[in-house]
Number of protein chains: 2
Amino acid sequence: MDMGGKPVVRRARRFDPKRRERILDAAIEVIAEHGVAGTTHRLIARAADVPLGSLTYHFTGLDELRALAFTRLAERLSRAYAAHFDGVRTLDDLVEAVTDMVHGNVGTDAREWAVSYELYLAALRDPALRTVTEEWMRTSRTVLERFVDPDTARGLDALIEGLVMHRMLSTAPFPRAVTRAAVARAVQPLPGTDAGRTPTHEPEGRP
Amino acid sequence: MDMGGKPVVRRARRFDPKRRERILDAAIEVIAEHGVAGTTHRLIARAADVPLGSLTYHFTGLDELRALAFTRLAERLSRAYAAHFDGVRTLDDLVEAVTDMVHGNVGTDAREWAVSYELYLAALRDPALRTVTEEWMRTSRTVLERFVDPDTARGLDALIEGLVMHRMLSTAPFPRAVTRAAVARAVQPLPGTDAGRTPTHEPEGRP
DNA sequence: ATTTCATGTGTACCGTTGTACGCATGGACA
DNA sequence: TGTCCATGCGTACAACGGTACACATGAAAT
């Protein structure tokens, strides 16, 4: 007969390699949804479909978990960023590619951009994250330097950042033409100086 | 004789108009220091030198308090922003003024910029804050439109945002010359189109 | 087949936080 | 001067979150 005691439905143990990675992905997801502020062990655990204790087993604490999640995100973004500029040959291609990126016609979701801002802000306070942002910014600039000189790349990189952010925040429509014009100017040689000199558009390779 | 009972040192009541405003300023301070995530009633109370209960008396909850603090900040930033461009007459002045702003040679502290990014991020999730960001971005663009056409202003505004952010995050030195060159290009007319046409530099006034 | 231990699972504990609430007091106004 | 209520003050409480930990189990090594 049923004794009325709780069944204690202990979930069957699972053979689950990849769990670590899945947790990190879930963490990124949760951060995207709730922000760093609203990110908790329990939320991540539910998103990753693992018990709470699993998190403290695989990671020393929430700090480490966050840092690793951000690192993973940065690597993913770096790859997507580089890939996005693969077909670019001319300066016009570049302008178009950047415009596409800003307007989201690209693999990288608006969601993921939001998380990267979470990363920036977190890095402002947590020195451990500075490495990650530093590396990610270096990567993006390096990609751009395949097409323009380093100084121009810096400016262009900053412009992209600002454009994406404004587009995410602004409810008013953001015409493509405006973006394209801004980008075009950023890569335009500056008359009267040689700061805008472009090294022609050879991807790389030495003579 | 001393009965050993706790003295119960109830602080004297204070006559304290302005308390509301002081709390809001304290909140901004705390957000700057600890981020939105680390901002609590108790931290704000300590910073404002008021008892905990005072916060729930003056504000319905932490949400309202945050929103009002951000609003106050945005107004302050708007004034500082406008004031910074007061003396600008020529396009060269503008380039110089923007460069100064990016490099922090201006009233607005790096601290305050950081808080404004907290605001951006918070606004991404909290629709109530969208009004604030919307207004603040409109203001900054309006200021720039005193010197350049609206489309150029949009691009320049985004560029400023990105430059400030990169400078805050980057540990590597960020040469003024690079910033100035980027800004100069952003306000430069784009050859071959009339997108860069400037309405000369008359502040305002109709014929 | 046996052992082992890395990995998996559930839960308890303790500090922190948001918020409610009871009581105090002295400017403001009659 | 007397009253009153807006404002000030301290504390309680319930919820939540990070982390520790005791126990389970099965893949791999022997």
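We name chains A, B, ... by the order of the sequence lines, and we start the count at 1 in each one. Predicted, not measured: the structure shown is a model, and the values here were computed from it.
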- prompt: Is the backbone N or O of Thr99(B) less than 3.5 Å from a side-chain atom of Arg180(B), with the two atoms forming a donor-acceptor pair by type?
  reply: no

task: For Glu33(A) and Arg111(A), run salt bridge (charged side-chain N to carboxylate O under 4.0 Å, His left out): C-alpha distance rounded to whole Å, both residues' side-chain angles, the deciding distance at 0.1 Å, then the answer.
output: CA-CA 8 Å; Glu33(A) 189 90 23; Arg111(A) 209 176 170 63; 3.1 Å; yes

task: Indicate, with a heavy-atom threshold strictly under 4.0 Å, whether Arg14(B) touches base, sugar-phosphate, or nothing.
output: sugar-phosphate

Closest to side chain of Leu52(B), choosing from dT11(D), dT19(D), dA6(D): dT11(D)

query: Counting distance only, does the side-chain N/O of His41(B) pair as donor-acceptor with the main-chain N or O of Leu52(B) below 3.5 Å?
result: no

field: Residue-phosphate contact under 4.0 Å: His58(A) side-chain N/O, dG8(C) OP1/OP2
entry: yes

query: Roughly how bent is the helix from dA1(C)-dT30(D) to dA30(C)-dT1(D) end to end, in steps of 10 degrees, with each end axis from five pairs?
result: 20°

message: Please report the distance, rounded to the nearest Å, between CG in Leu43(A) and P in dT19(D).
response: 15 Å

Side chain Arg141(A), main chain Asp157(A), donor-acceptor under 3.5 Å: no

query: Is the closest side-chain donor-acceptor distance between Arg19(A) and Ser54(A) under 3.5 Å?
result: yes

message: On DNA chain C, does the nearest nucleotide to Asp63(B) precede the nearest nucleotide to Arg13(B) from the 5' side, or the other way round? Give the residue.
response: Asp63(B)

query: So Phe85(A) and Tyr81(A), would you call those rings parallel, tilted or perpendicular, with 30° and 60° as cut-offs?
result: tilted

field: Atom pair distance, as rounded to whole Å: CZ in Arg46(B) and P in dC9(D)
entry: 16 Å

- prompt: Considering only heavy atoms from C-beta outward, does the side chain of Thr133(A) approach that of Phe70(A) to under 4.5 Å?
  reply: no

- prompt: Is the distance from OP1 or OP2 of dG8(C) to the nearest side-chain N or O of Tyr57(A) less than 4.0 Å?
  reply: no

- prompt: Rounded to the Å, how far apart are Arg66(A) CZ and dG17(D) P?
  reply: 14 Å

field: Criterion salt bridge (charged side-chain N to carboxylate O under 4.0 Å, His left out) on Arg76(A) and Asp25(A), from CA distance to verdict
entry: CA-CA 11 Å; Arg76(A) 189 191 305 170; Asp25(A) 286 334; 2.8 Å; yes

query: Within this structure, what is the CZ-to-P distance between Arg42(B) and dA12(D), rounded to whole angstrom?
result: 12 Å

query: Heavy-atom contacts under 4.0 Å between residues 16-41 of chain B and DNA chain D, which residues?
result: Asp16(B), Arg19(B)

- prompt: Roughly, in whole Å, what's the span from CG in Leu62(A) to P in dT16(C)?
  reply: 17 Å

